[in-house]
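When reading the values below, keep in mind they use all heavy atoms of this one structure, side chains included, and skip hydrogens, waters and symmetry mates.
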Amino acid sequence: MGEKWKTYDVAFKKKAVDLYLKEGLGYKSVAERLGIDHSMVRSWVKFFRRTPKYE
C-alpha cells in the first residue's frame with residue numbers, strides 16, 4: 001500500500017522558517033537540525049513570505 005504522509009503543525013513550520021529567516025541557517029542546515037527534507041523548508045519559507053501576518 002501507499003505511504004502515510006506525515007503532517008506538521010504550524011508551530012513546527014514556523015520554527016523551521018524562523019531558523020532560516022531569523023537565524024540565517026540554510027535550507028539544508030534547518031532540515032538536518034529538524035530531521036526533515038530541505039524541500040519542505042523551502043516551500044514553508046515561500047508560503048510564510050507570502051503570508052502578510054508572518055513577522
Not counting sequence neighbours, list each pair that qualifies as a ring-ring contact (aromatic ring centres under 6.0 Å, His included) and has a residue in residues 13-32.
Y20-Y27
Please report the C-alpha distance between R49 and L21 in whole Å, then the side-chain angles of each, then the deciding distance to 0.1 Å, and finally whether the side-chain contact (heavy atoms from CB on, under 4.5 Å) criterion is met.
CA-CA 10 Å; R49 281 184 168 161; L21 294 176; 3.3 Å; yes
Side chain to side chain donor-acceptor pair (under 3.5 Å) partners of residues 31-45, not counting sequence neighbours, each pair once
D37-S39
Is the number of heavy atoms from other residues, nucleotides or ligands under 6.0 Å of F12 CZ greater than 12?
yes
Look up atom NZ in K15 and atom CD in E23, then write down how far apart they are to the nearest 0.5 Å.
11.0 Å
Under the side-chain contact (heavy atoms from CB on, under 4.5 Å) rule, what do V41 and L19 come out as? Steps first, then yes or no, please.
CA-CA 10 Å; V41 178; L19 286 171; over 6 Å; no
Can you find a heavy atom in the side chain of Y8 that is under 4.5 Å from one in the side chain of M40?
yes
Gap separating the NZ atom of K13 from the CD1 atom of I36, nearest 0.5 angstrom:
10.0 Å
Exactly one of L25, V45, V17 clears side-chain contact (heavy atoms from CB on, under 4.5 Å) with V30, and that residue is L25
